[in-house]
Amino acid sequence: MTHLADVISRVDDAIAKDIIIPMNELLIELSDDAELTREDRYAQQQRLRIAIAHKGNHHKEETEERREQLTRSGTIIFAARYIPLIIHSH
């Protein structure tokens with residue numbers, strides 16, 4: 001397997017896992033990869049940048065949707081697990 005094919009495979013795996021931290025780490029790692037041509041490095045980094053941006057937008061949409069679900073009639077509804085339970089012992 002050529003180095004480029006290995007890098008493409010690693011980028012594919014990182015994107016498939018859909019976790020930003022490993023994608024960012026690989027993005028940084030590729031910046032210092034002297035074995036890739038400038039064009040190949042840019043292409044793989046761009047794939048990672050796009051995946052990270054999409055993940056960020058998706059997360060933002062989910063957060064807004066969740067907030068909308070929690071804010072009905074202008075009041076935030078808290079789930080019971082977020083309310084601290086205080087037990088006094090005598």
Side-chain angles (χ1 to χ4, degrees):
M1 179 181 285
T2 67
H3 181 63
L4 176 58
D6 181 50
V7 168
I8 291 170
S9 176
R10 291 177 61 206
V11 170
D12 289 343
D13 288 344
I15 291 171
K17 289 178 184 171
D18 200 30
I19 303 172
I20 290 179
I21 292 173
M23 286 191 278
N24 272 328
E25 290 170 348
L26 185 53
L27 185 64
I28 292 166
E29 182 183 328
L30 291 177
S31 296
D32 297 326
D33 192 328
E35 291 184 54
L36 294 174
T37 66
R38 182 177 183 185
E39 292 79 17
D40 289 338
R41 181 174 38 257
Y42 176 82
Q44 297 313 308
Q45 287 179 316
Q46 194 64 9
R47 290 179 60 213
L48 290 166
R49 287 185 195 103
I50 291 168
I52 291 167
H54 286 167
K55 175 75 172 173
N57 289 338
H58 181 69
H59 177 71
K60 182 179 177 184
E61 290 169 4
E62 285 178 339
T63 301
E64 289 172 0
E65 183 179 315
R66 179 75 175 137
R67 180 167 255 323
E68 186 177 311
Q69 290 173 354
L70 293 174
T71 56
R72 294 199 178 103
S73 303
T75 305
I76 296 178
I77 303 166
F78 289 98
R81 64 187 169 130
Y82 296 115
I83 300 172
L85 177 62
I86 301 172
I87 301 173
H88 295 281
S89 59
H90 296 287

Pairs flagged by salt bridge (Lys or Arg N to Asp or Glu O under 4.0 Å) wherever residues 20-47 is involved - sequence neighbours left out: Arg10-Glu29, Asp12-Arg47

Measuring from atom CG of Asn24 to atom CD1 of Ile52, what distance do you get when rounded to the nearest 0.5 angstrom? 4.0 Å

Point-to-point distance, once rounded to the nearest 0.5 Å, from OG1 of Thr37 to NE2 of His3: 10.0 Å

Pairing residues for Ala5 by the side-chain contact (heavy atoms from CB on, under 4.5 Å) criterion, not counting sequence neighbours: Met1, Thr2

By side-chain hydrogen bond (donor to acceptor under 3.5 Å, both in side chains) - contacts of Ser31 (at least two apart): Gln45

Could you state the interatomic distance from CG (Leu4) to CD (Gln44), rounded to the nearest 0.5 Å? 6.0 Å

Rounded at 0.5 Å granularity, tell me how far CE in Met23 sits from CD1 in Ile21. 10.0 Å

